[in-house]
Amino acid sequence: MRTGIIDAYGDYEDVLRDIRRFTSLANGSDALTKALLGNYALLDRGRPLEDLRNSIFRTALSRNHRCPLCERAQVCALDHFLPKNHFPEYSILADNLIPVCERCNRLKGDECDRVDGLLMFHAYFDEFPDEEILFAEIDVDNTVSIRYSLHRSDEIDNFTFGRVEKQFEILGLFEFYQMEAIAELTDQVDLYDEAYDSFGDSGLRSTLNALARGAERKGVNNWKAALYRALSRNAEFCSGGYRKLLATPMK
């Protein structure tokens, strides 16, 4: 069994590239599945692999402990990218263990598309598209409402875009970013007032553009980057519409 697990570790990146071609080492063996799943407890505090667990969590330092799936909440759990219930041989493989937040860990669950091969984006091995595909739509009426959407660019193939859509669907990111955006706007009203009162529309637009550029350091498809790009282009928002009551967006 040891040789089989070592071989499986060597195949890990190939599995990520096309999961449809692989079956689990433990396929059809309940006893082997149980034995391999039991290894995960070795990562617990005071157990032999506690240091491995700690070292995996330290990888989140580069993101200020932000979850790589939603880019917002603090990490607090280890997600098995390839679910341990489907691939128990990877239950303690460091490359398969991703520090994530509680919400994303719960929503992702045992997601593993072995039919179409549409896996979510792996924080260690995949680069999220750097072409602009996430957009925020701003509506200024009685309130300021925000909606997020995805639009495929010509530079992105259908398979990659399908993975993006799947990740947003499984993690409920449209609704999540919508709520975060409303909170962001509410928190920044004083800043908008200062820019608008001092320099009018152009001053507020300049401030919003600066906020967009700052957010884009985390990626062009960061939810704040999409938000501030859209706000800077919305004439009604920049001409004082931001002062309207910020309520929950219409569905």
In terms of heavy-atom contacts, Ala225 and Gly219 come closest through CB-O, 4.0 Å
To the nearest 0.5 Å, tell me how far Leu69 CG sits from Leu173 CG.
-> 8.0 Å
Taking the six-membered ring of Tyr90, is NZ or CZ of Lys84 closer than 6.0 Å to its centre and within 45° of its axis?
-> no
When you look at CZ of Arg20, are more than 12 heavy atoms from neighbouring residues, nucleotides or ligands closer to it than 6.0 Å?
-> yes
So, Ser239 side chain and Ala235 main chain: donor-acceptor pair closer than 3.5 Å or not?
-> yes
Rounded to the nearest 0.5 Å, how far does CG of Asp95 lie from CD1 of Ile98?
-> 8.0 Å
Show the numbers, then the answer: is there a side-chain contact (heavy atoms from CB on, under 4.5 Å) between Ile182 and Val144?
-> CA-CA 8 Å; Ile182 288 295; Val144 177; 5.8 Å; no
Centroid-centroid distance, His80 to Phe87, less than 6.0 Å = no
Charged N-O contact under 4.0 Å between Asp14 and Arg17 | yes
Does Ser55 reach the main-chain N or O of Leu52 with its side chain, forming a donor-acceptor pair under 3.5 Å?
-> yes
Without swapping roles, check the side chain of Glu50 against the backbone of Gly46 for a donor-acceptor pair under 3.5 Å.
-> yes
Ring centres of Tyr148 and Phe174 under 6.0 Å apart?
-> no
Taking the side chain from Thr207 and the backbone from Gly203, do they hold a donor-acceptor pair closer than 3.5 Å?
-> yes
Closest heavy-atom contact between Ser232 and Cys238?
-> O-SG, 3.9 Å
Does any donor atom in the side chain of Asn27 or Ser24 lie under 3.5 Å from an acceptor atom in the other side chain?
-> no
Applying the 4.5 Å side-chain criterion to the ILVMFWY set and letting contacts propagate, would Val220 and Leu211 be lumped into a single cluster?
-> no
Could you walk me through whether Arg53 and Tyr40 pass the side-chain contact (heavy atoms from CB on, under 4.5 Å) check?
-> CA-CA 10 Å; Arg53 179 186 182 89; Tyr40 187 60; 4.0 Å; yes
List the steps, then state whether side-chain contact (heavy atoms from CB on, under 4.5 Å) holds for Tyr242 with Val140.
-> CA-CA 8 Å; Tyr242 71 90; Val140 180; over 6 Å; no
For the student: nearest non-hydrogen atoms of Leu43 and Leu49, plus distance = CD2-O, 3.4 Å
Cation-pi geometry met for Arg72 and Phe176 (6.0 Å, 45°) | no
Within the distance-only criterion (no hydrogens, no angle test), does the side chain of Arg66 pair as donor or acceptor with the backbone N or O of Gln74 below 3.5 angstrom?
-> no
Just by distance, do the side chain of Asn221 and the backbone of Glu131 share a donor-acceptor pair under 3.5 Å?
-> yes
Single-linkage hydrophobic cluster Leu37~Val15, side-chain heavy atoms < 4.5 angstrom = no
Would you please test Phe237 and Tyr192 for side-chain contact (heavy atoms from CB on, under 4.5 Å) and show each step?
-> CA-CA 10 Å; Phe237 185 89; Tyr192 306 154; 4.0 Å; yes
Kindly work out whether a path of hydrophobic side-chain contacts (I/L/V/M/F/W/Y, heavy atoms less than 4.5 Å apart) joins Phe125 to Tyr9.
-> yes
Locate the shortest heavy-atom distance separating Val75 from Pro99; write the atom from each residue and the value.
-> CG1-O, 3.5 Å
Measuring from Lys108:NZ to Arg103:CZ, what's the distance to the nearest 0.5 Å?
-> 14.0 Å
Residues Tyr228, Asn209; criterion side-chain hydrogen bond (donor to acceptor under 3.5 Å, both in side chains); working and verdict | CA-CA 7 Å; Tyr228 282 117; Asn209 279 323; over 6 Å; no
Residue of the set Asp157, Asp126, Asp113 for which salt bridge (Lys or Arg N to Asp or Glu O under 4.0 Å) holds with Arg163 | Asp126
salt_bridge(Glu216, Arg229) N-O dist < 4.0 Å = yes
Applying side chain to side chain contact (heavy atoms under 4.5 Å, CB included) to Phe135 and not counting sequence neighbours gives Glu132, Ser149, His151
Ignoring hydrogens and geometry, is there a side-chain-to-backbone donor-acceptor pair from Asn105 to Val100 under 3.5 Å?
-> no
Side chain to side chain donor-acceptor pair (under 3.5 Å) involving Gln167 - partner list, sequence neighbours excluded | none
Following the transitive rule for hydrophobic clusters with a side-chain heavy-atom cut-off under 4.5 Å over Ile, Leu, Val, Met, Phe, Trp and Tyr, establish whether Ile6 and Tyr12 coincide in one cluster.
-> no
Can you hop from Phe121 to Trp223 via hydrophobic side chains spaced under 4.5 Å?
-> yes
Any idea which heavy atoms bring Gly162 and Leu118 closest together, and the distance?
-> C-CD2, 4.1 Å
Should Glu71 and Lys224 count as an ion pair when the cut-off is N to O under 4.0 Å?
-> no
Spatial distance of atom CG (Leu231) from atom CD (Glu236) [nearest 0.5 Å] = 12.5 Å
Nearest heavy-atom contact between Cys67 and Cys104 is SG-SG, 3.8 Å
